[in-house]
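What follows is a set of notes on a single structure, which appears directly below.
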Amino acid sequence: MKPFALHSVLRYRRQLEDAARQELHRALQAEARLLETLARVQTDLAELYAGLDRDRAEGTTADRLVLFAHRISLVREQEQRRLKDVARQRQQVEQKRQVLVKASTDRRILEKLRDQQNTNYRQYLDRKETEMLDEIAVLSHERRQVGQ
């Protein structure tokens with residue numbers, strides 16, 4: 001009555017957990033890159049507004065103001081695209097995190113099952129050993145009784 005060996009199943013579950021951890025790491029790295037790009041775009045936008053304010057204060061041509069307005073609208077659109085990309089990536093990160101949590105939970109459940117199975121098997125072996133020792137004791141006692 002040796003229990004089913006869970007070593008290969010546990011190894012597979014660990015591999016799944018490691019793969020999920022790596023996917024989460026990649027997703028977090030991609031999110032960091034997107035946030036960095038977004039920060040650059042926001043910095044560019046702030047610099048454009050500062051330049052526009054400076055040109056207005058110093059006096060400038062209408063053509064230059066129109067160019068600033070066009071450039072600002074383009075950078076704003078770019079900022080909106082980056083914000084959407086970041087939001088999409090954050091959803092992916094959350095999905096990867098949930099996959100990792102599930103894989104980790106599955107592995108821990110299997111480890112508990114393995115531990116419980118091993119404990120039950122040890123108890124079974126102890127009971128069998130006790131039965132064998134009792135049988136030996138009974139046989140030994142019977143021999144002594146027959147010998148006297």
Do [Y] and [X] meet the salt-bridge criterion of a basic N to acidic O distance under 4.0 Å?
X: Arg90; Y: Glu94; result: no
X: Glu79; Y: Arg82; result: no
X: Arg122; Y: Asp126; result: no

- Message: Distance alone, cut at 3.5 Å: any donor-acceptor contact between the side chains of Arg33 and Thr37?
- Response: no

- Flag for Arg56-Thr60: side-chain donor and acceptor within less than 3.5 Å: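 Looking only at side-chain atoms, Arg56 and Thr60 do not form any donor-acceptor pair under 3.5 Å.
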
- Item | salt bridge (charged side-chain N to carboxylate O under 4.0 Å, His left out) partner of Glu111, chosen from Arg13, Arg11, Arg14 |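 The single option meeting the salt bridge (charged side-chain N to carboxylate O under 4.0 Å, His left out) with Glu111 is Arg14.
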
Can you find a pair of side-chain heavy atoms, one from [X] and one from [Y], that are under 4.5 Å apart?
X: Val101; Y: Gln98; answer: no
X: Lys112; Y: Asp115; answer: no
X: Lys96; Y: Leu100; answer: no
X: Arg97; Y: Leu28; answer: yes
X: Arg71; Y: Phe68; answer: no
X: Lys84; Y: Arg81; answer: no

[atom1]-[atom2] distance between [X] and [Y], expressed to the nearest 0.5 angstrom:
X: Asp53; Y: Leu48; atom1: CG; atom2: CG; result: 11.0 Å
X: Leu35; Y: Gln42; atom1: CG; atom2: CD; result: 9.5 Å
X: Gln91; Y: Glu31; atom1: CD; atom2: CD; result: 11.5 Å
X: Asn120; Y: Leu125; atom1: CG; atom2: CG; result: 11.0 Å
X: Gln145; Y: Ser140; atom1: CD; atom2: OG; result: 10.5 Å

If hydrophobic clusters are built by linking Ile, Leu, Val, Met, Phe, Trp and Tyr wherever their side-chain heavy atoms come under 4.5 Å apart, do [X] and [Y] end up in the same one?
X: Tyr12; Y: Leu113; answer: no
X: Val41; Y: Val86; answer: no
X: Leu74; Y: Ile72; answer: no
X: Val99; Y: Val93; answer: no

- Test salt bridge (charged side-chain N to carboxylate O under 4.0 Å, His left out) applied to Arg21 and Glu17, step by step: CA-CA 6 Å; Arg21 188 175 292 114; Glu17 185 180 7; 3.1 Å; yes

